[in-house]
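Here is the structure we will look at, set down as structure tokens.
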Amino acid sequence: MADRPSEGKTLKEQFWDPVAGFGVTFRTMFKKVVTEQYPFEKMPTAPRFHGRHQLNRWPDGLEKCVGCELCAWACPADAIYVEGASNTDDERFSPGERYGRVYQINYLRCILCGLCIEACPTRALTMTNEYELADDNRADLIYEKSDLLAPLLPGMEQPPHPMRLGADEGDYYRGAYAVSPKETGTVAATGEAS
């Protein structure tokens, strides 16, 4: 058996299979190369792209996060840390009994899977299309609550403040979007806000 150089390989296996293995190389060798000019020309992402997280607000400026910590429990990479605290009549940050006093996402661990978004009962946490998360400092990749909160839009008031939407002080936050006569006109009840 040592005198057979091909060790039982057929003629096809000896000559055609190695050439066929380069088939993709030969087919694409003369095609025009597509190069994305990334830092200079940014292509739009898909609408449901999983990028940087955002903590959303109600139209009056209160935070949607109620500090339930379900996002942290759902995270497979243990990248989210939430510490809830109770709202008081003097200091109200969210319409619920609690709010997220400390909220951190460690992007060194985060795999951008979106399970935290699915777990959020108030749709407080969503993912934006922002994908440029690289940094040269590890400490800067741990995003704090101030980095994650959605910016205040016109008509919003910086918390803490009392609930300002709905005829009953909690109806708007429970899903009843009727405009009440108490409203000052600065905030419109327009359904779901981002």
Side-chain angles (χ1 to χ4, degrees), residues 1-59 63-84 100 102-153 175 190-194:
M1 292 273 252
D3 57 350
R4 290 179 55 195
S6 62
E7 292 291 328
K9 292 183 181 178
T10 64
L11 189 62
K12 178 189 172 286
E13 290 172 338
Q14 287 179 0
F15 297 107
W16 177 246
D17 288 349
V19 173
F22 285 104
V24 174
T25 304
F26 292 137
R27 280 195 307 267
T28 59
M29 190 180 307
F30 300 106
K31 287 187 177 178
K32 185 176 186 291
V33 177
V34 178
T35 304
E36 291 188 19
Q37 306 296 327
Y38 162 63
F40 309 108
E41 299 173 14
K42 296 180 183 174
M43 301 299 290
T45 60
R48 295 181 58 123
F49 178 79
H50 286 193
R52 186 184 66 82
H53 296 78
Q54 176 174 295
L55 286 171
N56 296 313
R57 298 177 184 268
W58 290 102
E63 302 163 8
K64 285 188 174 184
C65 179
V66 293
C68 66
E69 303 176 20
L70 287 176
C71 54
W73 282 97
C75 182
D78 199 23
I80 301 176
Y81 175 73
V82 181
E83 191 176 296
V102 176
Y103 201 101
Q104 295 176 341
I105 296 182
N106 185 345
Y107 281 104
L108 296 167
R109 291 182 174 182
C110 182
I111 58 175
L112 301 170
C113 64
L115 291 176
C116 52
I117 306 306
E118 300 296 327
C120 184
T122 61
R123 194 155 164 69
L125 189 64
T126 54
M127 294 179 101
T128 64
N129 286 358
E130 184 181 330
Y131 55 87
E132 294 177 326
L133 298 172
D135 208 319
D136 58 357
N137 184 359
R138 293 176 63 88
D140 291 341
L141 289 171
I142 300 174
Y143 281 51
E144 300 288 337
K145 181 179 173 180
S146 59
D147 303 323
L148 297 167
L149 268 173
L152 288 169
L153 298 176
T190 59
E192 183 175 352
S194 59

> For P39, which residues count as a side chain to side chain contact (heavy atoms under 4.5 Å, CB included) partner, sequence neighbours excluded?
Replying inline: none
> If every non-hydrogen atom of E69 is compared with every non-hydrogen atom of G84, which pair is closest and at what distance?
Replying inline: OE2-N, 3.8 Å
>> Looking at M29, I want to see if its CE is surrounded by more than 12 non-hydrogen atoms of other residues, nucleotides or ligands under 6.0 Å.
In response: yes
> According to the salt bridge (Lys or Arg N to Asp or Glu O under 4.0 Å) rule, which pairs have a member within residues 30-56, sequence neighbours left out?
Replying inline: K42-E132, R52-E130
>> Which residues pass the side chain to side chain donor-acceptor pair (under 3.5 Å) test with Q104, not counting sequence neighbours?
In response: E144
>> Could you report the tightest heavy-atom contact between F22 and P18, atom names first, then the distance?
In response: CD1-O, 3.2 Å
> Can you list the residues that meet the side chain to side chain contact (heavy atoms under 4.5 Å, CB included) rule with P121, with sequence neighbours excluded?
Replying inline: C68, L70
> Can you pull the side chain to side chain donor-acceptor pair (under 3.5 Å) pairs that have at least one residue in residues 16-29, sequence neighbours excluded?
Replying inline: K12-D17
> Going from NZ on K9 to CZ on F15, what distance comes out if it is rounded to the nearest 0.5 angstrom?
Replying inline: 11.0 Å
> For T45, which residues count as a side chain to side chain donor-acceptor pair (under 3.5 Å) partner, sequence neighbours excluded?
Replying inline: N129
> Which atom pair, heavy atoms only, marks the closest approach of R109 to A79?
Replying inline: CB-CB, 3.8 Å
>> Filter on salt bridge (Lys or Arg N to Asp or Glu O under 4.0 Å), then keep only pairs touching residues 110-122, sequence neighbours left out; what's left?
In response: none
> Are the side chains of L55 and E63 in touch, meaning some heavy atoms are under 4.5 Å apart?
Replying inline: no
> What pairs with Y81 under side chain to side chain donor-acceptor pair (under 3.5 Å), at least two apart in sequence or on another chain?
Replying inline: E83
>> Which residues pass the side chain to side chain contact (heavy atoms under 4.5 Å, CB included) test with N137, not counting sequence neighbours?
In response: D135, A139, D140
>> So which atom in L133 and which in L141 form the shortest heavy-atom distance, rounded to 0.1 Å?
In response: O-CD2, 2.9 Å
> What is the minimum heavy-atom distance between H50 and L112, and which atoms define it?
Replying inline: ND1-O, 3.2 Å
>> Can you classify the ring geometry of Y131 versus Y38 as parallel (below 30°), tilted (30 to 60°) or perpendicular (above 60°)?
In response: tilted
>> Please enumerate all residues that pass side chain to side chain contact (heavy atoms under 4.5 Å, CB included) together with C116, with sequence neighbours excluded.
In response: H53, C71, I80, L125
